[in-house]
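Structure first, commentary second.
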Number of protein chains: 2
Amino acid sequence: MSDLIYSAKIPEPALRRLPWYLSYVKLLKSQGETIVSSTQIAKKIDVSASQIAKDLSYVDISGKTRVGYDIDDLINVLESFLGFTNTHTAVVFGVGSLGAALLSDSGLEQFGLKIIAGYDVNPAIVNHAIHHIPVFHSNEFIERNKEMKAEIGVLTVPPGAAQEVSEYMIRGGVKAIWNFTPFRIRVPEGTVLQNTSLYAHLAVMFNRLNG
Amino acid sequence: MSDLIYSAKIPEPALRRLPWYLSYVKLLKSQGETIVSSTQIAKKIDVSASQIAKDLSYVDISGKTRVGYDIDDLINVLESFLGFTNTHTAVVFGVGSLGAALLSDSGLEQFGLKIIAGYDVNPAIVNHAIHHIPVFHSNEFIERNKEMKAEIGVLTVPPGAAQEVSEYMIRGGVKAIWNFTPFRIRVPEGTVLQNTSLYAHLAVMFNRLNG
DNA sequence: TAGATTGTTAATCGATTAACAATC
DNA sequence: TAGATTGTTAATCGATTAACAATC
């Protein structure tokens, strides 16, 4: 008798496919289309039609038999389901090349991630701004985040510092960590962890290239 | 009677975990350790010991019963298995904020990815260099790549251009595409495709934050 | 009505987990 | 020898695929 009955938890692989559908129907919309069927999506992006149907069943949308889905509806429902219409505030720890690029990437804000500050220990960048976003000394985070209240911590520090910095961010009130380091950090129950290691993806690509 | 008998194909989830083990044992090495057991890794990075054992069984390494693995051996074997000791040449299509960051990230070269050129259509950046890597006009790619022979194409263009640009890169001889756009591109049989959409990872994180 | 599509239910497939044998 | 560890084999779990009923 839990509320799991009402919202079946979507499996992660399915969740990761939804942005593909969104991206494709946005393209269709820009071409003036108004209706799309799952079989049509299936052919274009190389995912089986039954998988698309199954994935969309987790989302609150209903298509019309023999017709398909209304493109505007589908875009709205997917964007809202994926959290792209809300604003989530974030800080970036480690303003090296990747961290700085994330500060500069205005695309992220369109997808609901608003970076409000960077933190680093390098005097050459502390107290400067990148793309109008201030960079502070890491020591100041806990004090500053009492007001700023960033919800998400983006982790782009060297791997050796990853675990320590993540714990520091959590002490400062962060509820989720987006980990770009190759290091597998551990977080307490209740903290969300998203690993995005470019090196792991490189490894998969290299392996498939040789096999 | 195929050679699949000799090299069991490693599942992708397992392949993505191997860099975690590598990262952790490199940390141990930097702390002066010489031996590590899978149970020790398990505790520290929150992966079950049996999964680590299973994952390592795909790799050509053998541990010593009652002792564990030699750290230097494990690092060498993992780095070589993951392709980090080879040099793979790459070009980056789309030198926006993310593309430029990849050109600037010297970390990638340490993991076996050597970016030899950027390509874009924006006159403001074409024929300049970023971090000593030249940026050319996209039109010149096919001609230039006859000599440069980049093996991997990194795709950081706007989603609407993703499919078209990927086909162009493949015509130019690229064997694998590292796709950073949220668009699900289709590639011919035999071309390796690695999707790394930051937005998909954002979506997973947002979903888990709310749930 | 016939046919195309949605969307659910059942079957299959593959990865993870658990149990345990082998080893030093 | 006793105990800790590797590494394999079997059981479980969950996602994908296939079949098909419902619908317009």
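In what follows, chains carry the letters A, B, and so on, assigned in the order in which the sequence lines appear, proteins first and then strands, with residues in each chain numbered from 1.
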How many Å lie between [atom1] on [X] and [atom2] on [N], as a whole number?
X: B:E12; N: D:dT16; atom1: CD; atom2: P; value: 12 Å
X: A:L56; N: D:dA15; atom1: CG; atom2: P; value: 17 Å
X: B:K64; N: D:dG7; atom1: NZ; atom2: P; value: 10 Å
X: A:I52; N: D:dA18; atom1: CD1; atom2: P; value: 14 Å
X: B:Y21; N: D:dG7; atom1: OH; atom2: P; value: 14 Å
X: B:L15; N: C:dG14; atom1: CG; atom2: P; value: 17 Å
X: B:Y58; N: D:dG7; atom1: OH; atom2: P; value: 14 Å
X: B:D55; N: C:dT17; atom1: CG; atom2: P; value: 10 Å

Give the minimum heavy-atom separation between B:L56 and B:L74, together with the two atoms involved.
->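 Between these two residues, the closest heavy atoms are CD2-CD1, 4.3 Å.
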So which nucleotide does C:dA22 pair with, by the Watson-Crick or G-U wobble rule with both distances under 3.5 Å?
->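 Its partner is D:dT5.
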Please determine, for C:dA15, whether a Watson-Crick or G-U wobble partner exists with both distances under 3.5 Å, and give it or none.
->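 With both distances under 3.5 Å, C:dA15 matches D:dT12.
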Kindly assign one of parallel, tilted or perpendicular to the pair B:F93 and B:Y119, based on the angle between their ring planes and the thresholds 30° and 60°.
->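 Correct class here is parallel.
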Do the ring planes of A:H88 and B:F206 sit parallel (below 30°), tilted (30 to 60°) or perpendicular (above 60°)?
->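 Ring orientation, 0 to 90° scale: parallel.
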Around A:E164, counting heavy atoms of other residues, nucleotides and ligands shown, do more than 12 lie under 6.0 Å from its CD?
->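 Count not over threshold, so no.
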Of all the choices, D:dT8, C:dT8, D:dT5, which nucleotide is nearest to the side chain of B:T65 once you look at every atom?
->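 Of the candidates, D:dT5 comes closest.
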Would you mind telling me which of D:dA15, C:dA15, D:dT16 lies closest to the side-chain atoms of B:P11?
->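 For B:P11, the side-chain atoms sit closest to C:dA15.
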Using a cut-off of strictly less than 4.0 Å, decide whether [X] has a side-chain nitrogen or oxygen near OP1 or OP2 of [N].
X: A:S50; N: D:dT17; value: no
X: A:S57; N: C:dG7; value: no
X: A:Y69; N: C:dG7; value: yes
X: A:R66; N: D:dA22; value: no

Quick one: on DNA chain C, does A:S62 or B:A14 contact a more 5' nucleotide (nearest heavy atom)?
->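 The residue closer to the strand's 5' end, by nearest nucleotide, is A:S62.
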Does the side chain of B:I142 reach to within under 4.5 Å of the side chain of B:R171, using non-hydrogen atoms?
->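 Yes - at least one pair of side-chain heavy atoms lies under 4.5 Å apart.
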Residue whose nearest DNA chain D nucleotide is more 5′ - B:T39 or B:K54 =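 This one resolves to B:T39.
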